Structure formats: C-alpha cells, structure tokens
Amino acid sequence: MPDSENNAATDFIRALIRKDNETNRFGGRVHTRFPPEPNGYLHIGHAKSIVLNFGIAEEFNGLCNLRFDDTNPSKEDTEYIESIIEDVHWLGFDWGDRLFHASDYFDQLYEYAIELIKMGKAYVDDLSPEELRQQRGTLTEPGIESPYRDRSVEENLDLFQRMRAGEFPDGSRTLRAKIDMKSPNLNMRDPVMYRIKKESHPHTGDKWCIYPMYDYTHCISDSIERITHSICTLEFEDHRPLYDWFLDQLNLYHPQQIEFARLNLSYTVMSKRKLLQLVKEGYVSGWDDPRMPTISGMRRRGVTPEAIRTFCERIGVAKNDSTVDIALLEYCIREDLNKRAPRVMGVLDPIKVTLTNYPADQVEYMECINNPEDESMGTRLVPFCRDLYIDRDDFREDPPPKYYRLAPGREVRLRYGYFIKCEEVVKDEKGEIVELRCSYDPQTRGGFAPDGRKVQATIHWVSARHAVDAEVRLYDRLFNTPNPLGDDENVPFTNFINPNSLTIINNCKVEPSLASAKPGDRFQLERVGYFCLDSKDSRPDHLVLNRTVTLKDTWAKIEASLNKK
RNA sequence: UGGGGGUUCGUCUAGUGGUAGGACAGCGGACUCUGGAUCCGUAUGCCGAGGUUCGAAUCCUCGACCCCCAGCCA
C-alpha cells in the first residue's frame with residue numbers, strides 16, 4: 001500500500017538516504033543545507049527546497065545549515081541576505097548556529113587553488129572572455145587547449161598571487177582547472193575557477209579582488225561543512241563530475257549530491273531574473289507585492305507558513321519536469337485558513353438596507369460565532385440596527401434561475417440577524433439602486449424561525465451606523481494564462497500579465513471589531529474570502545485589507561455555466 | 001547529428017514482476033444560519049513498437065518526444 005500523504009514521505013531522495021543509513025555510509029549522519037545566492041528574494045520554488053532540506057534533517061534527526069552562496073559580489077546584496085534569513089525563519093525553520101557563507105571559506109579555497117596549481121592541475125589563463133568562449137568548442141565539437149595551458153607551476157603561482165594582489169585588470173586573466181578540453185561534458189573543459197573582480201563584497205568587504213566561481217566553491221563548501229546529502233536541482237546534474245574531480249584531486253570528503261526537479265507553478269513565473277524584471281519595470285510594487293510568488297509577497301498577502309509547508313509536502317519530489325496547478329496552492333491556503341481564521345462580516349460593495357418596521361433608535365448586539373471550525377475561538381457581539389449595508393451582489397432585481405439571495409418580495413436570512421423581506425427598491429435618477437426597503441420578522445432573532453420556515457439564503461451585513469470604512473485590495477492571479485512563458489520566445493511574458501490582478505475598492509464597510517485588528521491579522525470575511533490587514537499600508541484610521549484568496553464560490557460556477565448557455 | 005536527465009489520469013505524485021492508488025482540478029449528489037466547511041459518488045492515465053514471462057508501468061531491444069549544458073552567473 002502506498003503511504004498516504006500524511007505519512008512519512010517516500011520520495012526517491014528519502015529512499016536514498018535510508019539506504020545510506022542502512023549501509024552506514026555516513027555513519028548514520030544526515031546533514032543537509034539550503035544554499036541560496038543572495039541575489040533576490042526567496043520564492044515558493046525555494047520553499048520547496050527549504051522544506052525538503054530542513055524537513056529531511058528533522059525527519060532523520062540530522063542537521064540543516066543555511067549557507068549563502070555569495071561568490072559573485074556584482075549581483076549580491078545585504079538586503080537579500082536579510083530577507084532570506086527572515087523568510088526561512090518565518091517558514092518555521094532554524095539553523096541554530098550554523099549560518100554560513102561560502103565567503104567564509106575564501107581563504108581555504110585560495111589555499112586549495114594553490115595546491116591544485118602546485119599539482120599542475122590548475123593554470124592562469126590570459127585569454128579574454130571572448131577568446132575563451134571561442135575556444136571552448138561547441139556541443140558537438142571539442143574545445144581548443146589554451147596557449148597558456150602549459151605554463152610552469154612557478155609562473156602560475158606567481159601570476160595567481162599577483163591576480164590576488166590586484167596587479168591585473170578585471171577580466172584580463174582567470175585561474176582555470178586543467179581537465180580536458182575534449183570532454184563531451186562542457187563543464188569539464190578547463191572550467192574557470194577564479195576571476196578578477198575589483199569589487200567589494202557584502203561579507204568580506206575589500207579583502208579580495210579575485211572571486212571563486214560557483215562550481216569550484218560549492219562542492220568544497222559542502223565538503224567543508226561535512227554535508228552528507230547535497231540536494232540540488234536538475235540542471236546541476238552534469239556538474240557532478242566536476243565536483244567529484246575537484247574533491248578527488250584535493251582528496252576531500254565527498255557528500256552525495258542528489259538532484260530533483262525545480263518547482264514550476266501555473267499562472268506565475270518563478271525565475272529570479274523575471275521576478276526582478278517585474279519589480280524593476282514596475283509591474284508590481286516590489287518583491288513583497290502580494291501578487292508575487294515570493295515568500296515575502298505571499299506573507300504580505302496573508303498566506304500562512306503552514307499552508308506553504310503543506311503545499312510543498314503535498315507536491316512531492318521527483319525528477320520529472322513539472323508544473324503544479326496553482327489551484328493546489330490555493331486549496332492549501334484555504335484549508336489552513338479555514339481552520340484558524342476568525343470570521344467577521346464585511347461588505348465590499350455596499351447597498352443600503354433600511355428595515356422599515358425596526359425601531360429607529362434601537363441597537364441590538366448579535367452573538368456571532370468566531371469560527372465554526374473551532375469552538376474555542378468563542379463568540380463576539382456585533383451591533384445591529386435599522387440601517388444596514390449588504391453586498392450589492394447579494395441582491396438581484398431580476399434574479400436568474402438558481403439565484404437564491406435577496407430579490408423583490410423574497411425573504412432571506414441576515415446571518416446571526418433576522419429574516420428580512422425586500423419590499424421596495426429605491427433608485428436614483430440614473431436608475432441605479434440606492435436603497436432596499438425591507439421588513440424584518442421580529443420572531444426570527446438570531447436567524448432562527450420559530451415556525452420552522454426555511455429561507456433559501458443567508459447573507460452577510462454590517463450596521464451602517466457602526467461600520468468601519470476600509471480599503472480592500474482584491475488580488476488575483478498575476479498572469480491570465482497557465483504558462484506565461486508560452487511557446488514563442490519572442491513574445492515577452494509580460495504580455496500575459498493579468499490586468500485585473502489587483503482591484504482596489506475604497507468604500508467597503510466592515511464590522512466594528514476590525515477597528516482593533518493589527519497589521520498582518522488574518523480573517524475570513526464570511527461568504528467572501530480570506531483577508532489580512534496589509535502590513536505596510538493599513539492604519540487604524542484607514543484599514544487596508546488584502547484578499548488572500550476567495551472562498552470556493554459555487555454560485556460563480558453556476559453563473560458561469562448559465563452564461564455559457 | 002556530443003553529453004546529462006526525463007516520459008503513469010487535465011495537473012502533481014505512488015507503484016520497483018502479481019487487481020494502476022492518492023491529491024488537486026472536473027462532474028454529480030447529500031448536508032448546511034457562510035452557495036463556506038464537511039461527506040459521498042463518478043469519469044479520465046502507464047510515450048510507441050517489439051520481446052522475455054503464467055503474468056510487465058516495472059525486465060530487455062529499438063524508436064519517438066521533452067528538459068538541461070557552449071557565463072570570467074548560480
């Protein structure tokens with residue numbers, strides 16, 4: 001029997017680790033790491049890797065390090081380092097005292113490079129970037145050996161030390177591994193180990209003007225940290241022979257690298273380059289725009305870390321290229337919020353309702369359940385009076401079939417309130433409905449009918465006299481097509497941005513209890529969706545609500561199929 | 001036409017020689033003071049062709065298609 005999703009995951013990576021433990025390959029140790037480059041914000045794809053690496057460590061009583069792969073100061077920034085630390089923590093993971101930087105190993109890496117030079121396994125090359133590219137060969141033709149390939153150890157040592165000393169301009173020389181220019185694996189054609197970059201580094205300052213390349217750095221960093229299982233994405237599969245080569249030459253400890261398929265999600269893009277483009281070109285307000293698939297964007301949108309973790313566990317891990325339906329993410333978000341988000345009432349597009357037979361000055365306080373899924377969350381009192389607002393969408397002058405909310409002459413229940421019946425529709429000179437005059441049944445207080453009569457619908461409301469104004473930001477999918485990358489590379493992905501991915505509405509009315517909510521607080525607007533108070537823009541005197549995700553909307557589905565016919 | 005990976009419902013993913021299962025999405029129904037939640041039911045799948053075998057998603061052979069690699073990016 002296959003394990004159900006709640007049992008221990010049985011993906012190929014865990015299977016491999018179990019086998020390693022059985023054979024005592026690493027002495028029973030399991031030590032993973034999450035190695036981001038601090039050149040952008042973390043996104044849901046990184047979350048998959050984080051949940052995998054930290055999750056495996058937890059499961060196998062092992063450890064997981066956080067290590068910044070900071071080998072390229074031109075692209076990296078402390079802003080990114082800080083955001084990454086915050087995001088991994090927020091997701092619920094901790095690396096104890098094991099926060100490392102590849103740059104922590106620059107001295108060691110330099111010594112190893114000297115060692116390789118001394119062994120005749122590395123050389124300083126004077127080729128320009130263009131020459132180097134030309135001589136690398138192609139996918140089908142072998143490369144050409146550099147004329148500098150056979151310099152003496154002494155000359156290489158001298159040149160490399162002078163590279164470090166800053167004697168040569170950027171791009172003028174590199175240190176290359178001497179492997180095989182004819183290798184069918186392009187990574188083995190004398191890869192560059194060091195390049196000259198006279199730039200200061202966010203972590204090492206101005207100490208270095210030569211910086212090691214990722215391939216050289218990464219495998220040795222994993223080795224230094226005694227990582228047992230180096231989990232990475234598929235595109236590094238054919239870098240593995242190079243990693244093995246460095247480690248073998250230097251006679252260093254070998255972690256086991258395991259590659260898995262990165263996450264793609266429908267209706268969004270995942271590459272840091274494209275996300276950066278969305279930010280820089282102003283398609284979104286920043287890395288934490290609630291429409292972004294970034295951790296910070298999702299957090300600001302109101303998504304919980306638990307929902308993200310559940311999602312990452314549910315999608316599984318394999319080597320197939322895959323694009324997960326964003327509907328699964330939305331499902332995980334609803335599932336989590338349903339359990340924990342307190343319910344409140346709010347009206348997005350208010351239409352005035354006057355209860356003609358309700359005492360004009362009377363105010364009652366209705367007891368409302370805070371979360372029907374969790375009794376321990378208790379109840380609250382919500383004011384009720386003659387003057388109310390309901391949502392415009394909950395009334396139709398000419399109701400279509402199967403629409404069973406309010407309509408002329410029709411009776412519905414106000415949630416936790418009374419049964420009301422629409423007696424009169426008041427319009428302005430433009431024909432716009434401005435008020436509904438309704439009668440209420442005093443016998444139905446709390447929403448219960450003593451005579452047992454049924455009502456087709458229950459709708460939400462707020463007291464017009466007590467309501468609090470709010471700005472609501474309705475977020476939707478960022479792109480209007482499942483695959484914004486398309487089949488045609490000439491069509492920019494920005495062509496597919498959903499023009500309705502953000503709708504701001506300003507005259508929303510929410511129940512008074514929201515006045516004391518804090519930025520980031522999440523709740524369900526009954527019958528509408530899950531929302532949170534925007535952590536940047538919401539103020540006590542100007543509430544800003546972000547829609548995290550809608551509720552499942554069966555009526556919308558019926559309506560859509562009605563419209564098709 | 002070099003090398004490295006991959007191909008199981010619409011989408012993810014199990015299955016490792018013995019009835020192809022789960023989740024999401026879809027469809028249908030029950031229930032409901034959220035057209036929410038919940039519950040039940042249901043259709044759809046092993047890339048193809050050969051072979052081995054009592055028996056193949058699984059093993060073998062041949063083929064097709066997809067992804068990655070020609071940064072002094074990671």
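The model shown is predicted, which means the values in this text are computed figures rather than measured ones. All chains are named by letter (A, B, ...) in the order of the sequence lines, taking the proteins before the strands, and each is independently numbered beginning at 1.
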Sidechain N-carboxylate O distance under 4.0 Å for A/Glu199, A/Lys75: no

Quick one, give me the B/S/- string for nucleotides 24-30 of chain B, reading 5' to 3', where B means a protein heavy atom under 4.0 Å from the base and S means that only happens at the primed atoms, P, OP1 or OP2. SSSS---

For B/G4 and A/Arg240 - does any side-chain N or O of the residue sit under 4.0 Å from the phosphate oxygens OP1/OP2? no

Proximity to the side chain of A/Asp238 - top-ranked nucleotide from B/C72, B/C69, B/G35: B/C69

Distance-only donor-acceptor test, A/Glu373 side-chain atoms vs B/U38 base atoms, 3.5 Å: no

Compare side-chain N and O positions of A/Asn338 against OP1 and OP2 of B/A37 and report whether any pair is under 4.0 Å apart. no

Ring-ring centroid check A/Tyr403 A/Phe395, cutoff 6.0 Å: no

Selection from B/C12, B/C73, B/C69 that lies nearest to any side-chain heavy atom of A/Ser322: B/C12

Taking the six-membered ring of A/Tyr123, is the NZ or CZ of A/Arg151 close enough (under 6.0 Å from the centre) and on axis enough (within 45°)? no

Residue pairs passing the salt bridge (charged side-chain N to carboxylate O under 4.0 Å, His left out) test with at least one member in residues 162-173 of chain A, sequence neighbours excluded, are A/Asp126-A/Arg173, A/Asp158-A/Arg162, A/Arg162-A/Glu167

OP1 or OP2 of B/U11 sitting under 4.0 Å from any side-chain N/O of A/Ser266? no

Compare side-chain N and O positions of A/Arg136 against OP1 and OP2 of B/G71 and report whether any pair is under 4.0 Å apart. yes

Looking at B/C73, I'd like to know if its phosphate oxygens (OP1 or OP2) sit under 4.0 Å from a side-chain N or O belonging to A/Thr71. no

Check the phosphate of B/C73 against A/Arg195, side-chain N and O only, distance under 4.0 Å to OP1 or OP2. Yes or no? yes

OP1 or OP2 of B/C72 less than 4.0 angstrom from a side-chain nitrogen or oxygen of A/Lys75, does that happen here? no

From the options B/U13, B/U34, B/G4, select the nucleotide whose nearest atom is closest to the side chain of A/Gln524. B/U34

Heavy atoms from C-beta onward define the side chain here; which of B/A14, B/G3, B/G5 lies closest to that of A/Thr10? B/A14

Any salt bridge (charged side-chain N to carboxylate O under 4.0 Å, His left out) pairs touching residues 448-460 of chain A, not counting sequence neighbours? A/Glu411-A/Arg453, A/Asp441-A/Arg453, A/Asp451-A/Arg453

Nearest of B/C12, B/G5, B/C73 to any side-chain atom of A/Val324? B/C12

Checking contacts here: which listed nucleotide (B/U34, B/C12, B/A74) is nearest the side-chain heavy atoms of A/Pro372? B/U34

Enumerate the residues from residues 175-184 of chain A whose closest heavy atom to RNA chain B is under 4.0 Å, giving them by residue number; use none for an empty result. A/Pro184

For a quick test of reading the model, state the closest non-hydrogen atom pair linking A/Ile210 to A/Met163 and the distance between them. CG2-O, 3.5 Å

Stem ranges for RNA chain B, with three or more consecutive Watson-Crick or G-U pairs under 3.5 Å? B:2-7 with B:64-69, B:10-13 with B:21-24, B:26-30 with B:38-42, B:47-51 with B:59-63

Kindly point out which of B/G5, B/A74, B/G36 is positioned nearest to the side chain of A/Glu235? B/A74

Could you tell me whether the side chain of A/Asn320 has a donor or acceptor atom within less than 3.5 Å of a complementary atom in the base of B/G6? no

What's the base orientation of B/G4: syn (chi within 90° of 0) or anti? anti

Donor-acceptor pair between A/Asn72 and A/Ser74 side chains, under 3.5 angstrom: yes

Could you write out each protein N or O paired with an N or O of nucleotides 40-46 of chain B at a distance under 3.5 Å?
none

